Amino acid sequence: VVIKLSLKKTPMFTLPDYYFCPNGSINIQPDFSKLDIVSFEWKNPAGEIISTTKELKGVKTPGIYKIMVTAGNGCSYSTSFNVYLYEVPIITNLSPSGNSYTVTATGSKKILYSIDGINFQESNVFHNLPFGVITFYVKFEGSNCLGEIKKGLVLNIKNAFSPNADGINDTWVIDDLNVCDG
């Protein structure tokens, strides 16, 4: 008796760890084009099926995800992968002094500082700021993920007022105090 065996090819693969910025999301789009996969089942860290397509879009929760696939030959394969949040620096204090601010932030890498979220500097001190609300940003060098922003205020306090009902400087108003904590 001659028995001929033929083994079906299992669609084996590995997925890397994925990272995303806080307040962001990530799309997981592996290249399955050479594996003849006909069905997909993605599960979130709670074990719930969250997609049956070849891509997993808009992932906003870190944890261990699982995917099970079935090839056209009927063979199935499953694997898991990690999704992580990138670490970001945290602003712990804003110290105003006239029209200057010193930003104190914590983190495990070199921190860069900005007041527009585009142009960053190594110094945590900002001088000659304009009057009004100032938004402070931090990020790690080499990263695009921003930490939580904080707002400060450079006050424009008039040094006199004349409550004589002439419509000019009759009241003393300090703008933008609503951004101050407490």
Side-chain angles (χ1 to χ4, degrees), residues 6-94 101 103-124 126 132-153 176 178-181:
S6 65
L7 298 176
K8 294 180 182 181
K9 187 174 179 180
T10 301
M12 297 177 68
F13 57 90
T14 58
L15 295 179
D17 291 341
Y18 293 89
Y19 293 82
F20 67 99
C21 296
N23 300 319
S25 66
I26 186 166
N27 294 329
I28 299 170
Q29 302 168 304
D31 181 8
F32 295 118
S33 61
K34 297 178 182 170
L35 297 176
D36 186 35
I37 297 174
V38 295
S39 72
F40 301 85
E41 183 179 274
W42 300 84
K43 291 184 178 181
N44 65 13
E48 303 161 331
I49 297 172
I50 54 174
S51 179
T52 56
T53 66
K54 67 180 180 176
E55 301 171 338
L56 188 57
K57 293 189 174 185
V59 174
K60 296 181 178 183
T61 304
I64 300 172
Y65 286 75
K66 294 181 180 175
I67 180 172
M68 185 172 77
V69 298
T70 303
N73 63 10
C75 291
S76 295
Y77 179 75
S78 66
T79 189
S80 60
F81 59 96
N82 293 304
V83 175
Y84 297 105
L85 274 176
Y86 277 117
E87 176 193 0
V88 293
I90 297 170
I91 297 174
T92 57
N93 191 39
L94 295 176
Y101 260 92
V103 180
T104 304
T106 61
S108 65
K109 302 173 193 165
K110 184 176 181 179
I111 300 171
L112 301 177
Y113 304 85
S114 175
I115 57 171
D116 63 7
I118 298 168
N119 301 298
F120 284 83
Q121 64 186 38
E122 292 183 10
S123 173
N124 67 333
F126 295 89
V133 178
I134 307 294
T135 303
F136 295 95
Y137 303 84
V138 291
K139 71 176 188 173
F140 287 129
E141 184 176 52
S143 173
N144 291 326
C145 291
L146 298 176
E148 186 175 330
I149 63 172
K150 296 277 186 178
K151 295 186 182 280
L153 177 63
D176 299 316
N178 58 318
V179 299
C180 297
D181 292 332

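The model shown is predicted, which means the values in this text are computed figures rather than measured ones. Atom set for the values below is all heavy atoms of this structure, side chains included, hydrogens, waters and symmetry mates excluded. Residue indices begin at 1 and follow the sequence shown.
- T61 contributes atom OG1, which lies 6.5 Å from atom CZ of F20 (distance to the nearest 0.5 angstrom).
- Annotation: side chain of K110 is in contact with side chain of E122 (closest heavy-atom distance under 4.5 Å).
- The aromatic ring centroids of F136 and F126 lie less than 6.0 Å from each other.
- Within the 4.5 Å cutoff, the side chain of I111 has heavy atoms near those of the F140 side chain.
- Panel note: side chain T92, backbone T104; a donor-acceptor pair is recorded below 3.5 Å.
- The structure places NZ of K54 at 9.0 Å from CD of Q29, a figure rounded to the nearest 0.5 Å.
- In this structure, K8 contributes its side chain and N73 its backbone to a donor-acceptor pair below 3.5 Å.
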Q: Report the C-alpha separation of F32 and F40 in whole Å, then their side-chain angles, then the decisive distance to 0.1 Å, and conclude whether the ring-ring contact (aromatic ring centres under 6.0 Å, His included) test is met.
A: CA-CA 11 Å; F32 295 118; F40 301 85; 5.4 Å; yes
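- In terms of heavy atoms, Y65 sits closest to I50 at CE2-CD1, 3.8 Å.
- The two residues L146 and K139 come nearest to each other via the heavy atoms CD2-CB, 4.1 Å.
- Annotation for I118 and D116: closest pair N-OD1, 2.8 Å, computed over non-hydrogen atoms.
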(Q) Is there a side chain to side chain contact (heavy atoms under 4.5 Å, CB included) between I28 and V59? Walk through the geometry before answering. (A) CA-CA 8 Å; I28 299 170; V59 174; 4.0 Å; yes
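- Across all their heavy atoms, C145 and Y86 have their closest contact at SG-CD1, 3.5 Å.
- In this structure, OG in S80 is found 14.0 Å from CE in M68, a value given to the nearest 0.5 Å.
- Between G24 and K60, the closest heavy-atom pair is O-CG, 3.7 Å.
- In this structure the side chain of V69 reaches within 4.5 angstrom of the side chain of F13, judged on heavy atoms.
- Shown here is N23, whose CG atom has no more than 12 heavy atoms of other residues, nucleotides or ligands within 6.0 Å.
- Within the 4.5 Å cutoff, the side chain of F81 has no heavy atoms near those of the I64 side chain.
- Formation of a donor-acceptor pair under 3.5 Å by the Y18 side chain with backbone atoms of P62 is not found in this model.
- Residues L15 and I67 meet the side-chain proximity criterion, which asks for heavy atoms closer than 4.5 Å.
- Residue-environment remark: CG (D17) exceeds the threshold of 12 foreign heavy atoms within 6.0 Å.
- By the 4.5 Å heavy-atom criterion applied to side chains, V103 and L94 are counted as neighbours.
- The shortest heavy-atom contact between W42 and T53 is NE1-O, 2.7 Å.
- A distance of 13.0 Å separates CD1 in I26 from NZ in K57, rounded to the nearest 0.5 Å.
- The 12-atom threshold is exceeded at CD of E55, counting heavy atoms of other residues, nucleotides or ligands nearer than 6.0 Å.
- With hydrogens and angles ignored, the 3.5 Å screen pairs a side-chain donor or acceptor of S114 with a backbone N or O of N119.
- Here the straight-line distance linking atom CD of E41 with atom OG1 of T52 works out to 8.5 Å at 0.5 Å rounding.
- Rounding to the nearest 0.5 angstrom, the gap separating the CG atom in L35 from the NZ atom in K9 is 7.5 Å.
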